[in-house]
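Taking it in order: structure first as C-alpha cells, then the write-up.
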Amino acid sequence: MLKDLCLLNGTSGDEDSVRKYIIEKIKPYCTYEVDALGSIIAFKKGKKTPSKKVSINAHMDEVGFIVTGITDEGYLRFSTVGSIDSRVCMDRVVTIGNGIKGVIGDKAYHLLEESEKKTCPKTDKLLIDIGASSKEDAEKAVSLGDFVYFDSDYREFGNGFINAKALDDRIGCMLMIELIQSELEYDTYFCFNVQEEVGLRGSKCTSYSVQADVAVILESTTAADFDGVSGADRVCVLGDGPVVSFMDRRTIYNKELYKLAMDTAKDNNIPVQTKTAIAGGNDAGAIQQSGKGARVMAISVPSRYIHSASSVVKYSDIENTRKLLKALLTKIYD
C-alpha cells in the first residue's frame, strides 16, 4: 500500500488521485465526507463511544512545483509548491500534470563562471526542459498553472530501508487506512488533510468540523543522522523508533500526551525517540488553535532527505510507529 501511495502524484492543491485511492480503501469500513477544500473526514464506529472525541490526522499532499511561464525557446519557468531546496531540484526528472516528462536544468558545470561554481542557483533561475523547440511547441503540451511532480520510483534497499518521494506523509495515510480497516475499541475520527505543505490549510478546516478534544498527528520528520553529524545536531535517527515531539516551530505539544506516549512505548518495549531540535511543523499547529482548541500529539517517522525526490526511511520505524499507535489507542480515551 505504501508503494501505491508514494507513486501517486498529489502536490498541494492537486490531491485528487490520492484522495480517490484512499476513498476506495476505506469506504467499506467507515462513513466519510469530503469537505470543500478536498480533505477526507472519516468516522469509524468502535465497540464503545468514548467521553472524548479523538481524531487521527495525516496529510495527503506532497511538495512539488507549478508552471508559471514559458520562454521563447520552449523552456518552462516554475515555482515551488511547498518548501523545496533548489539544490535537490538540479537535473531531476519531473512529470508535468498531463504526463509530459521534463528535466530541471541549468548551465553545465563547464560553462559556469568561477563565482557561479560556489553557489547554487535559486529556483527562479532554473528551467524545465521538455524537449520543445519553441514557445508555441511547448504550449501544445503544457499550460500555465499545470502542476509538476518529482518523477521517482519506490525502492527497498540495504538493511530494511525505503527510498521514494512523498513518504511525507503517505506513511501517515497508510497507517490511518490500516486502522480504519481494523476493528477499533472506540469511535474515532480520521482526517486525511490537503494542503499541509503550503500552510496547514486543510487541517484548519477539518479541525473546525470535527472539534476533537484530542488530536494525534501522524507525520514524517527530518533526520540528520549523517556521517560527521553528532549529538543533538542529528535531530532524530533512522532505526531508533518513532519520534514523539515536545515542541516544533508551530506547536508546543501537550505535556500529558507526550508523557503518555513515552510511557506507553516503555511499557510495551517499543523503541521511541524525541526530536533534539526545535524545527519544522505539521498540522498540529493549525488543529491546536482551531475552534475550541485541542490537545495535540505528534508521532513521526524519521526521514532523511525529506522534501525531495529521494526521501529515505527505515521499515522498522514504520512498524514501531504502528505498534505505538495501536497501544496508545487503548489509553488515549481515558
Side-chain angles (χ1 to χ4, degrees), residues 1-2 4-23 25-26 32-42 55-65 80-84 147 149-150 164-180 188-210 212 215-222 242-243 245 248-251 253 279-290 294 296-303 306-308 311 313 318 321 325:
M1 193 191 309
L2 184 59
D4 290 342
L5 283 163
C6 288
L7 292 180
L8 293 170
N9 292 322
T11 298
S12 307
D14 185 43
E15 301 93 346
D16 293 4
S17 61
V18 184
R19 179 169 49 250
K20 181 179 178 181
Y21 178 91
I22 290 170
I23 288 173
K25 292 292 184 181
I26 67 172
Y32 70 90
E33 63 177 298
V34 177
D35 71 10
L37 206 57
S39 300
I40 304 167
I41 303 172
S55 71
I56 303 177
N57 302 262
H59 66 88
M60 294 189 282
D61 58 317
E62 64 189 277
V63 295
F65 313 94
T80 58
V81 179
S83 301
I84 306 176
F147 288 99
Y149 324 97
F150 283 122
K165 73 172 183 67
L167 290 164
D168 171 21
D169 185 29
R170 305 287 162 73
I171 295 173
C173 292
M174 176 190 70
L175 294 173
M176 285 170 46
I177 291 169
E178 290 175 351
L179 285 173
I180 292 171
T188 306
Y189 288 86
F190 294 86
C191 299
F192 297 88
N193 296 311
V194 297
Q195 299 191 34
E196 188 267 357
E197 299 291 5
V198 290
L200 320 184
R201 298 174 186 176
S203 59
K204 188 177 295 185
C205 297
T206 58
S207 57
Y208 269 99
S209 294
V210 174
V216 180
I217 292 81
L218 303 179
E219 259 288 8
S220 296
T221 196
T222 306
V243 180
S245 300
D248 58 39
R249 289 178 182 167
R250 294 297 302 260
T251 306
Y253 293 92
N282 57 55
D283 278 335
I287 296 169
Q288 185 183 51
Q289 302 177 66
S290 297
V296 292
M297 169 198 297
I299 305 172
S300 305
V301 173
S303 176
I306 206 166
H307 285 200
S308 77
S311 296
V313 299
I318 299 176
T321 301
L325 189 57

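Remember, it's a predicted structure, so these values are computed and weren't measured experimentally.
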Can you tell me how far apart [atom1] ([X]) and [atom2] ([Y]) are? Round to the nearest 0.5 Å.
| X | Y | atom1 | atom2 | result |
| --- | --- | --- | --- | --- |
| N282 | D169 | CG | CG | 8.5 Å |
| R170 | M60 | CZ | CE | 9.0 Å |
| I84 | I306 | CD1 | CD1 | 12.0 Å |
| N193 | I287 | CG | CD1 | 6.0 Å |
| Y21 | D4 | OH | CG | 4.0 Å |
| D16 | F147 | CG | CZ | 9.5 Å |

State, with a plain yes or no, whether a side-chain heavy atom of [X] is found less than 4.5 Å away from one of [Y].
| X | Y | result |
| --- | --- | --- |
| E62 | L8 | no |
| K204 | Q289 | no |
| I40 | F190 | no |
| S245 | T221 | no |
| I177 | I22 | yes |
| D14 | Y149 | yes |
| T188 | I56 | yes |

Search all heavy atoms of [X] against all heavy atoms of [Y] and return the closest pair with its distance.
| X | Y | result |
| --- | --- | --- |
| S300 | T321 | O-OG1, 4.5 Å |
| T11 | G64 | OG1-CA, 3.8 Å |
| C173 | H59 | SG-O, 3.4 Å |
| R250 | Q288 | O-OE1, 4.4 Å |
| D248 | A279 | CB-O, 3.3 Å |
| A42 | I180 | CB-CD1, 4.2 Å |

task: Please test I26 against F192 for side chain to side chain contact (heavy atoms under 4.5 Å, CB included), starting from the C-alpha separation and ending with a verdict.
output: CA-CA 11 Å; I26 67 172; F192 297 88; 4.3 Å; yes
May I ask you to decide if [Y]'s main-chain N or O and [X]'s side chain share a donor-acceptor pair within less than 3.5 Å?
| X | Y | result |
| --- | --- | --- |
| E197 | V81 | no |
| S12 | D61 | no |
| K25 | E178 | no |

Criterion side chain to side chain contact (heavy atoms under 4.5 Å, CB included) on V34 and I23, from CA distance to verdict: CA-CA 10 Å; V34 177; I23 288 173; 4.0 Å; yes
task: Test S207 against S290 for side chain to side chain donor-acceptor pair (under 3.5 Å), laying out the working first.
output: CA-CA 6 Å; S207 57; S290 297; 3.1 Å; yes
- request: From the options D168, I171, L167, select the one residue that forms a side-chain contact (heavy atoms from CB on, under 4.5 Å) with V301.
  value: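 Among D168, I171, L167, the one that satisfies the side-chain contact (heavy atoms from CB on, under 4.5 Å) with V301 is I171.
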query: Stepwise, does the side chain to side chain contact (heavy atoms under 4.5 Å, CB included) test hold for Q195 with E15?
result: CA-CA 8 Å; Q195 299 191 34; E15 301 93 346; 3.7 Å; yes
task: Starting from the C-alpha separation in whole Å, work towards a yes-or-no answer on side chain to side chain contact (heavy atoms under 4.5 Å, CB included) for V194 and R19.
output: CA-CA 9 Å; V194 297; R19 179 169 49 250; 4.1 Å; yes
